[in-house]
Structure formats: C-alpha cells, structure tokens
Protein chains: 2
Amino acid sequence: MQNLLKNLKVVVHDKLYLKDPETSDLGKRIVGESITLIDDMGFECFTFKKLGDRIGSNESSIYRYFENKHKLLLYLTSWYWGWMEYRLVFATNNISDSKEKLKKAIDILSEEVKEDSTYSHIDEKALNAIVINEYSKSYLTKEVDKENKEGFFAIYKRLVGRVKDMILEAQPDYGFAASLASTTVEGVLHQHFLIQHFPSLTSCSKTVAPKDFFTDLLFSSLNLETDA
Amino acid sequence: MQNLLKNLKVVVHDKLYLKDPETSDLGKRIVGESITLIDDMGFECFTFKKLGDRIGSNESSIYRYFENKHKLLLYLTSWYWGWMEYRLVFATNNISDSKEKLKKAIDILSEEVKEDSTYSHIDEKALNAIVINEYSKSYLTKEVDKENKEGFFAIYKRLVGRVKDMILEAQPDYGFAASLASTTVEGVLHQHFLIQHFPSLTSCSKTVAPKDFFTDLLFSSLNLETDA
DNA sequence: GCAAATATGATAGTAATACTATTATTTTTG
DNA sequence: CAAAAATAATAGTATTACTATCATATTTGC
C-alpha cells in the first residue's frame, strides 16, 4: 500500500488553496511543517508567522498558498479523509462477505495511526492527532453552509456515505444507516480524545480499543453476529 | 418543573468566574445577552467589546465577571449541563423499571429544547444551540488537562456517569457502558448539528428524531427490547 | 444623612493577530 | 541571457484580547 500511495496523489478541493502546495518544495514544507506545528501548539496558537519562522520562510509567502489558516485546516483534514477513504476502499474492496467487510471498515476507521508512513512529506500520525483534536473546528463555524455548498466537505461526506453503504449491505433493513455511519466516524475520533484526556468517560484503554466498542455497537444494532 | 427550577440555582465551578454573575443585575445581563449574541454570531466572532455594546455596558466591566471568553463559554456550558442533569434526575428518579428509566434518559438528552422556559434570564433554546455548535471547542484545547484537573468539566462528567449507571442498571453485563454513555451524550449533539447542516449524513429529520436512533442503538447494543 | 466602600464606566495603552500592499531579490525557464 | 515567476523583506492596518488608571455612580453601614 505504501508503494502504491507513493505514486498517488490525494486530491483535495482546489478552492482550498490559492496555489497547489504539492507543486513546489516550499508548498510541501508549508503543509508538512504546519502539521507538526499545529500538533505541537494547537490550532488556536498556530499562526502563519510562526510557521514562516519554523520553515525559514516568510509569512507573506505562505499567504500565496493558503488564504488563511482555516482553509489550511480544511486542506489538511480533507487530505486526511481522502487518505482514509483510500485505505478504506483498498482494504475492503476484495472482501465479498458484507459482515467481514464492515468489520474491516471499522478496523481501518478506528485504528490508531502509529507510524509516519514516510511515503511523503506528511506525518500521518501527527495528522491523525490533528483530526482528533481539531476536525470539528473546521465545520463548527458560521460559514459551514456556504463552504459545504462549495464542496469543501465532499470527501468526508463521501467517506461517511461509503460506511453507510457497507452498513446497508450488511443489513438492508436497518433504518438508521446514515446516522450510524456518521456516529461511528465521529465517535471514533471522540473516543480517541477521551482516552487521552477523559479516561473516566470511555471504556477504551490500552487493552480495549475503540475498534472493540464500535464493532460490538454496530453488529449489535444491525442484529448481526460478530464472529464473521 | 419550571416552578421548582425558579427557586433553584444551577451551581457551576466558582473558578469559572471572577465575580458570580448571578449576584447582580449586570452579571445576569452579561450571561443572558452573551447567550443570544454567541448564538447569533458564533463564538469566534463574539467579543466582550461587542457584548458590552449590546448591553450598554463597558468591556472592562465584563472583564470583572469573566477572565476571558473561554471561561465564559465554560460557564455557560457548565450551566447547561447542570440544567440537563437536573432535568435528567428529576425525570427519571421515580421510575423503577431500569429500561423505562434509560428510555426516559435518552428522551431528555436528545429532545430539542423548544422554548425559553422564561424562569430566568437564560434562553435555554439559544443555549442548547450554543452547546450543539460550540461545546467541543471548550475542551478541544491545549489546556484541557489542566482545566479538567481544576474540575471545570465536573458537571459534564457527572452527567455522563449518570447515563453510564443507567446503562449498567439496565444491562449489568454490558462491557462498554462508559463509551456508550459518552457516545450518546456527544452523538446527540452531533446528530442535531447534522440535521441542520449535513442532512445527508444523518437519518434524522423532521419525522425521525435523534431520540429514535439512539433508543434503537442503545437497546439493541444492550440486547433489550424497546417495548418497555 | 453622610462617609466609606463597592460597582460600574470611560479612556488609554499594549502586544499579538490576521491580514494587505509594495518593493526587492532570487530562481526558473524559454 | 532576458523575461517571467517565485519568494523574501518590509511596512502598514484594523481588530482582538486584554491591563491599567481614573472618574463617577450606587450601595451600605453607622
């Protein structure tokens, strides 16, 4: 998979940037270092000025790639969900059994991203941490409807749609497929956050993974046996 | 219930304010108008200066009540969860059947807050909207561990704990009670958000309420019949 | 009823943020 | 090698998120 991804580009909405950061060395450094910097200091404290200092470049140069840090966050998280979608499709495509397929999907969605896959300038582990800690800030805004109309959340919506389809494949009678899919994708992030900061609010820990909880949750609510 | 609440004060952590806003007319106006203003313009655009203009008071006076707008958000959302906890306990206390009790809890947690109960200076409908749109911003910060240690999230944690206890009462064998409780409390907010902004990601609508989804979800995963 | 205490208001000031604009310099490319 | 494109440097603006100080209004305790 790593080798394959090396030759594939995750395509994000082209209105999210002014100039495609994939097309230059500076652009890649902006994206790569913004991930580690946001992960280090949090999105609120992060500024283009600090990023410029970090990469030995100028604030004004970064503004030529991204309008503002909100668009950068949308870019980074879109990239993440595109990457996740790719991994999801790749891992489930050849599975014919719908239960096994759904199980694999939960696995991919909820597994902790452990390693920087080093296939690119992007540190997926840090990006996963950013998505856990910052993703909801990208849509909890007054501009969400306008930005949604522009298609800025298309990849995320497509991903949730795929999960929904897998749910319906496994259990065509189920009446809440969209809600179960969105609850899973969002809930997985939330459980990872709780493990780190509110352990009393989660049953997950070093030994129990979010995967275990969500597998049980989905299979129970779909009235399926988990021993697929 | 409204009459009872009229004589009860929702108690929030006293480090969340510099001066208790309940003790003065100005304080109540700060709290009351901040709710409608944040609801109108979103938490990012909201400033103490704008609030001062709105209530015909001065920015500096507001700073005598709250250190900053983050603390104000923690105050407002703590108040909301305290109010919710009160309603939850009040509505479920006299129910002996554990299934019925859990059902009622889901009902209280997920119902749309429709009316300003007018028992106070607080517009609960607007506050509910704030919690849906802004609550996660109160904990998705770099200071979350410090603030959690200080007890700023105590009411929320107690509420989730109560839901967890009700889950265990209804099904003592269930292994993921904390995660199911936190997923429900958080998920309810998320589904309400999706109804408004991403209808394709939810099965809920005008006719299907989040309550229906979560009742089905909890009772299925707890292996209980919903016809309690 | 008045002085002291307290609450509120007005004004000013600061450092940082989130940009925009302009110009200079470097790098790329035809 | 010249022209074009990319990047860097500098300066400037409005707003934010405060702090500090002083003035004025209101409350209260005697």
Side-chain angles (χ1 to χ4, degrees), chain A residues 14-34 37-38 40-76 121 134 137-138 140-143 146-147, chain B residues 14-34 37-38 40-76 121 134 137-138 140-143 146-147:
Chain A
D14 64 5
K15 286 268 178 62
L16 291 178
Y17 49 75
L18 298 168
K19 178 179 170 167
D20 187 349
E22 291 295 317
T23 61
S24 76
D25 179 65
L26 177 63
K28 284 176 192 163
R29 266 158 52 222
I30 288 171
V31 168
E33 293 293 312
S34 70
L37 199 55
I38 292 171
D40 283 353
M41 59 174 46
F43 187 66
E44 276 67 42
C45 286
F46 169 84
T47 69
F48 280 1
K49 184 148 199 332
K50 289 171 186 168
L51 177 58
D53 290 348
R54 172 106 148 211
I55 63 178
S57 179
N58 198 275
E59 199 188 355
S60 61
S61 302
I62 299 166
Y63 275 106
R64 270 190 220 96
Y65 284 85
F66 294 100
E67 260 183 81
N68 50 52
K69 70 176 186 170
H70 172 66
K71 286 274 170 68
L72 172 61
L73 180 61
L74 287 172
Y75 177 92
L76 295 177
H121 50 291
E134 324 284 0
K137 297 171 193 169
S138 76
L140 294 176
T141 69
K142 280 287 162 185
E143 293 77 36
K146 208 187 83 225
E147 293 184 348
Chain B
D14 63 5
K15 287 268 179 61
L16 290 179
Y17 48 77
L18 296 169
K19 177 180 171 165
D20 187 349
E22 290 295 316
T23 62
S24 76
D25 180 65
L26 178 62
K28 283 175 193 164
R29 267 158 54 223
I30 288 171
V31 168
E33 292 294 311
S34 70
L37 199 55
I38 292 171
D40 283 353
M41 59 174 46
F43 187 66
E44 276 68 42
C45 285
F46 170 84
T47 69
F48 280 0
K49 184 148 197 334
K50 289 172 187 169
L51 177 58
D53 290 348
R54 172 104 149 210
I55 64 179
S57 178
N58 198 272
E59 199 188 357
S60 62
S61 302
I62 300 166
Y63 275 105
R64 277 190 207 99
Y65 284 85
F66 294 100
E67 260 183 80
N68 50 53
K69 69 175 186 172
H70 171 66
K71 286 273 170 70
L72 172 61
L73 180 62
L74 286 172
Y75 177 91
L76 296 176
H121 51 292
E134 325 285 359
K137 296 172 193 168
S138 77
L140 294 177
T141 68
K142 280 289 162 184
E143 294 76 36
K146 207 187 84 226
E147 294 183 349

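Quick caveat: nothing in here was measured; it's all calculated off a predicted structure.
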For L37(B) and I55(B), what are the C-alpha separation, side-chain angles and deciding distance, and is it a side-chain contact (heavy atoms from CB on, under 4.5 Å)? CA-CA 10 Å; L37(B) 199 55; I55(B) 64 179; over 6 Å; no
Indicate whether the side chain of E147(B) and that of H70(B) have a donor and an acceptor atom separated by less than 3.5 Å. yes
Side chain to side chain, V31(A) and K28(A), heavy atoms closer than 4.5 Å: no
Return yes when atom NZ of K49(B) has more than 12 non-hydrogen atoms of other residues, nucleotides or ligands closer than 6.0 Å, and no otherwise. no
Under 4.0 Å from any atom of DNA chain C, heavy atoms only: list the residues of residues 24-33 of chain B that qualify, in numerical order. S24(B), L26(B)
Atom CD1 of I38(A) and atom CG of L51(A): how far apart are they, to the nearest 0.5 Å? 8.0 Å
Whether K69(A) engages the ring of F43(A) as a cation-pi pair (distance to the six-membered ring centre under 6.0 angstrom, angle to the ring normal within 45°) should be assessed. yes
Extract all donor-acceptor atom pairs below 3.5 Å that involve side chains of residues 60-67 of chain A and protein atoms in other chains or at least two apart in sequence.
from: S60(A); atom 1: OG; to: N58(A); atom 2: OD1; distance (Å): 2.9
from: Y65(A); atom 1: OH; to: S24(A); atom 2: OG; distance (Å): 2.5
from: E67(A); atom 1: OE2; to: K71(A); atom 2: NZ; distance (Å): 2.7

Would you check if K142(B) and E44(A) make a side-chain contact, meaning some heavy-atom pair closer than 4.5 Å? no
Side-chain donor-acceptor distances from residues 15-22 of chain A under 3.5 Å, at least two apart:
from: D20(A); atom 1: OD1; to: E22(A); atom 2: N; distance (Å): 2.9
from: D20(A); atom 1: OD2; to: K9(A); atom 2: NZ; distance (Å): 2.6
from: E22(A); atom 1: OE2; to: H121(A); atom 2: NE2; distance (Å): 3.1

Look up atom OG in S57(A) and atom CD1 in I30(A), then write down how far apart they are to the nearest 0.5 Å. 6.0 Å
Contact residues, residues 41-51 of chain B to DNA chain D [heavy atom, < 4.0 Å]: T47(B), K50(B)
Reading DNA chain C in the 5' to 3' direction, which nucleotide is the first one with an atom under 4.0 Å from a heavy atom of chain B, and which is the last? dA7(C) to dT11(C)
Quick one: CG on L73(A) to CG on N68(A), what's the gap to the nearest 0.5 Å? 10.0 Å
Rounded to the nearest 0.5 Å, what separates atom CG in L26(B) from atom CD in E33(B)? 11.5 Å
Evaluate the side-chain proximity of F46(A) to D40(A): yes if any heavy-atom separation is below 4.5 Å, no if none is. no
Give me the residues of residues 59-67 of chain A where at least one heavy atom lies under 4.0 Å from an atom of DNA chain D, by number, or none. S60(A), S61(A), R64(A), Y65(A)
May I have the distance from K69(A) (atom NZ) to dT16(D) (atom C1'), rounded to whole angstrom? 13 Å
Would one find a side-chain N or O of K19(A) under 4.0 angstrom from OP1 or OP2 of dT7(D)? yes
